[in-house]
Amino acid sequence: MTVTAIVGANWGDEGKGKVTDMMAGASSYVVRYQGGSNAGHTIINPFGKFALRMLPSGVFYSNVVNVIGPGVAVDIEVLLHELESLTVRGVPAPQLRISERAQIVLPVHRLLDELEENRLGGRSFGSTKRGIAPFYSDKYAKLGIQISGLFNKAYLRERLENLLESKNILLQHLYGQSSIKVDEWLSKLSEQADAIAPYLCDTTSLLHKAYRNGDGILLEGQLGALRDPDHGIYPFTTSSSTLAGYASVGAGLPPYSIEKIVAVTKAYSSCVGAGPFVVELEDMEGDELRSRGGDAGEYGAVTGRPRRVGWFDAVATRYGCRIQGATSVALTNLDVLGYLDEIPVCVGYEIGGEVVDEFPYQDKLSLAKPVYKQLPGWKCDISQITKLEDLPEAARDYIDYIESELGVGITTVSVGPNREQVILRLS
């Protein structure tokens with residue numbers, strides 16, 4: 001068995017949850033290594049439809065140990081709610097392990113996130129208002145609180161007082177809000193600490209032992225390459241690294257342990273949030289694609305916001321696969337395109353009269369216009385097909401063309417939202 005990272009090649013919402021859920025059955029561990037409750041992984045399986053925000057996507061398998069690593073922004077309130085919702089819907093209690101070193105999202109993080117987005121108005125960055133940017137800001141300013149610190153009340157009080165010293169100034173003088181007192185939080189945080197205490201452990205030691213034993217480990221990324229703060233469409237990014245290169249850090253495994261990197265991309269493009277999106281369709285074409293996409297239309301799993309949609313962007317996806325270090329690609333939502341006579345694929349960007357095929361930095365990206373190549377459609381429903389050879393020739397040609405543009409083998413093709421609607425393909 002190997003360590004495999006499952007990551008997004010685009011703007012997020014590529015279908016990573018489904019791919020992880022599909023692969024988890026043959027794995028021993030599934031690990032969330034970054035991000036928080038700001039993005040959901042939608043999963044449809046025999047238990048029903050779920051949008052997981054904190055829990056790893058292996059929680060539907062009783063044989064899988066699900067790990068929340070030290071790189072995750074842990075929103076305990078959301079985590080406990082998700083665990084309860086699984087029980088209510090008949091899902092057996094998952095094996096869950098949470099790193100004692102992971103840091104917690106506090107109510108003030110969510111409050112500041114919302115207040116700042118509201119203050120920015122039309123200049124906002126499309127935040128989900130789950131407190132992620134303020135959380136990571138505090139983490140790297142050394143003001144954060146690790147889960148292990150919740151069990152020492154004197155230490156916890158001191159950490160909260162240090163954190164709120166500057167936060168209260170912002171609340172009062174920038175946002176016109178009341179200040180927060182430490183005592184308002186202590187009892188609630190103690191209750192939450194007791195609730196998650198059974199799940200806590202040294203996950204780094206746990207995973208190192210699993211790696212030495214040769215157990216199968218999936219590292220589940222959140223969002224996609226173009227939301228990475230270093231390599232993405234900054235400043236319209238998230239606040240943690242979305243790349244497979246960070247997976248070893250956020251999970252607590254050695255860098256050389258990751259042997260496979262599966263980059264997930266849709267057969268068209270979708271995007272939640274602000275920022276440049278070269279292939280965006282803002283007319284009736286876009287409305288129809290949005291209504292047909294996903295499992296019930298293209299809407300954010302966490303926010304419910306309509307996703308921005310467009311045709312497949314080979315320029316952006318090739319770049320995303322490159323910076324992820326993809327060893328293979330999972331192509332999702334191929335079935336959605338079955339209504340089209342012809343399918344446009346963006347093969348270049350026109351910038352200032354010149355056509356480029358390399359993904360540009362932010363200033364040039366905002367000026368880019370898509371250059372399309374038209375491919376023939378297959379005009380039929382492929383959602384029940386389970387073998388590559390049974391796909392229409394035009395659908396197979398579409399897969400081959402995307403593969404040639406990306407330069408990475410497409411080994412998995414999803415033709416529907418359910419776990420079993422997958423075609424495995426040798427590249």
Side-chain angles (χ1 to χ4, degrees), residues 5-16 18-19 39 221-228 230-234 236-238 242-245 260-273 275-281 286 289 293-294 298 307-337 343-351 355-362 364-365 368-375 395 397-414 425 427:
I6 300 173
V7 291
N10 304 116
W11 303 265
D13 304 303
E14 298 97 344
K16 297 180 295 298
K18 176 185 174 172
V19 174
Q222 185 214 51
L223 293 170
L226 303 180
R227 296 298 187 188
D228 183 78
D230 294 309
H231 297 275
I233 53 174
Y234 187 87
F236 301 98
T237 62
T238 191
T242 60
L243 303 185
K260 296 181 180 179
I261 300 171
V262 180
V264 185
T265 181
K266 283 178 178 166
Y268 53 93
S269 298
S270 71
C271 168
V272 167
F277 185 41
V278 176
V279 294
E280 183 168 13
L281 298 171
L289 180 57
E298 288 288 358
R307 291 188 181 122
R308 302 157 68 191
V309 295
W311 306 123
F312 187 84
D313 188 333
V315 179
T317 309
R318 182 168 53 244
Y319 173 76
C321 288
R322 182 185 303 159
I323 61 173
Q324 289 288 15
T327 59
S328 67
V329 168
L331 185 70
T332 64
N333 294 51
L334 183 66
D335 56 300
V336 171
L337 301 178
I343 306 173
V345 173
C346 176
V347 295
Y349 294 165
E350 182 183 342
I351 303 174
V355 176
V356 301
D357 60 5
E358 292 289 337
F359 193 73
Y361 56 84
Q362 171 70 7
K364 287 190 174 181
L365 190 61
K369 296 179 181 179
V371 176
Y372 289 113
K373 176 181 176 66
Q374 300 290 334
L375 298 179
D397 289 345
Y398 187 82
I399 297 169
D400 289 341
Y401 184 79
I402 297 301
E403 183 177 77
S404 69
E405 283 290 309
L406 300 183
V408 183
I410 296 174
T411 56
T412 304
V413 179
S414 170
R425 175 179 181 269
S427 62

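Quick note: numbers below take in every heavy atom, side chains included, and nothing from hydrogens, waters or symmetry partners.
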Problem - Within-4.5 Å side-chain heavy-atom neighbours: Glu298 and Asn333 - result: yes
Problem - Closest non-hydrogen atom pair between Pro360 and Ile351, with its separation - result: CG-CD1, 3.9 Å
Exercise for the section: Could you give me the CA-CA distance, side-chain angles and deciding distance for Ile6 and Val264, then say whether side-chain contact (heavy atoms from CB on, under 4.5 Å) is met? Expected result: CA-CA 7 Å; Ile6 300 173; Val264 185; 3.8 Å; yes
Practice task
Report yes if some heavy atom in the side chain of Arg425 is under 4.5 Å from a heavy atom in the side chain of Glu403; otherwise report no.
Solution key: yes
Completion exercise
To the nearest 0.5 Å, atom CD of Gln324 lies from atom CG of Leu226 at 9.0 Å
Exercise for the section: Please tell me if the side chains of Asp313 and Tyr319 come closer than 4.5 Å, counting only heavy atoms from C-beta onward. Expected result: no
Handout entry: Heavy-atom donor-acceptor pair, Arg227 side chain to Thr242 backbone, under 3.5 Å
Key = no
Problem - Check: Thr237 side chain, Tyr234 main-chain N or O, donor-acceptor pair, under 3.5 Å - result: no
Exercise for the section: Check whether any side-chain heavy atom of Ile233 sits under 4.5 Å from a side-chain heavy atom of Trp11, and report yes or no. Expected result: yes
Problem - Nearest atoms (heavy-atom pairs only) where Ala330 meets Val19 - result: CB-CG2, 4.0 Å
Problem - Pair Asp357-Val347, side-chain contact (heavy atoms from CB on, under 4.5 Å): steps then yes or no - result: CA-CA 7 Å; Asp357 60 5; Val347 295; over 6 Å; no
Problem - Shortest non-hydrogen contact from Gly348 toward Val355 - result: CA-CG1, 4.4 Å
Practice task
Working to the nearest 0.5 Å, report the span between CG of Leu337 and NZ of Lys266.
Solution key: 11.0 Å
Problem - Nearest non-hydrogen partners of Ala314 and Glu405, listed with the distance - result: CB-OE1, 3.7 Å
Handout entry: Asn10 versus Thr317, side-chain donor and acceptor atoms under 3.5 Å
Key = yes
Handout entry: Side-chain (Thr327) to main-chain (Ile261) donor-acceptor, under 3.5 angstrom
Key = yes
Practice task
In sequence, state the C-alpha distance, the side-chain angles, and the governing distance for Thr412 and Val262, and then conclude on side-chain contact (heavy atoms from CB on, under 4.5 Å).
Solution key: CA-CA 9 Å; Thr412 304; Val262 180; 5.8 Å; no
Exercise for the section: For the residue pair Tyr349 and Lys364, establish whether any side-chain heavy-atom pair is separated by less than 4.5 Å. Expected result: no
Handout entry: CD-OG distance between Glu280 and Ser269, expressed to the nearest 0.5 angstrom
Key = 10.5 Å
Handout entry: Glu350 CD to Lys369 NZ distance, which is reported to the nearest 0.5 Å
Key = 6.5 Å
Fill in the blank from the handout: Output for pair (Ile410 CD1, Asp400 CG), nearest 0.5 Å, gives 8.0 Å
Exercise for the section: Would you indicate whether the side-chain heavy atoms of Leu243 and Ile323 approach each other to under 4.5 Å? Expected result: yes
Handout entry: Sub-4.5 Å side-chain heavy-atom contact between Leu365 and Val278
Key = yes
Practice task
Determine whether the side chains of Asp13 and Ser270 contain a donor N or O and an acceptor N or O closer than 3.5 Å.
Solution key: no
Completion exercise
Heavy-atom closest pair (Lys16 atom, Gly221 atom, distance to 0.1 Å) is CE-O, 3.3 Å
Exercise for the section: Search all heavy atoms of Pro276 against all heavy atoms of Gln362 and return the closest pair with its distance. Expected result: CG-OE1, 3.5 Å
Handout entry: Modelled atom types, side-chain donor and acceptor of Thr332 and Lys18, under 3.5 Å
Key = no
Exercise for the section: Mind running side-chain contact (heavy atoms from CB on, under 4.5 Å) on Trp311 and Val345 for me, showing each step along the way? Expected result: CA-CA 6 Å; Trp311 306 123; Val345 173; over 6 Å; no
Problem - Pairwise distance CG(Leu375) to CD1(Ile402) - rounded to 0.5 angstrom - result: 7.0 Å
Practice task
Would you mind reporting whether Tyr398 and Phe312 have side-chain heavy atoms less than 4.5 Å apart?
Solution key: yes
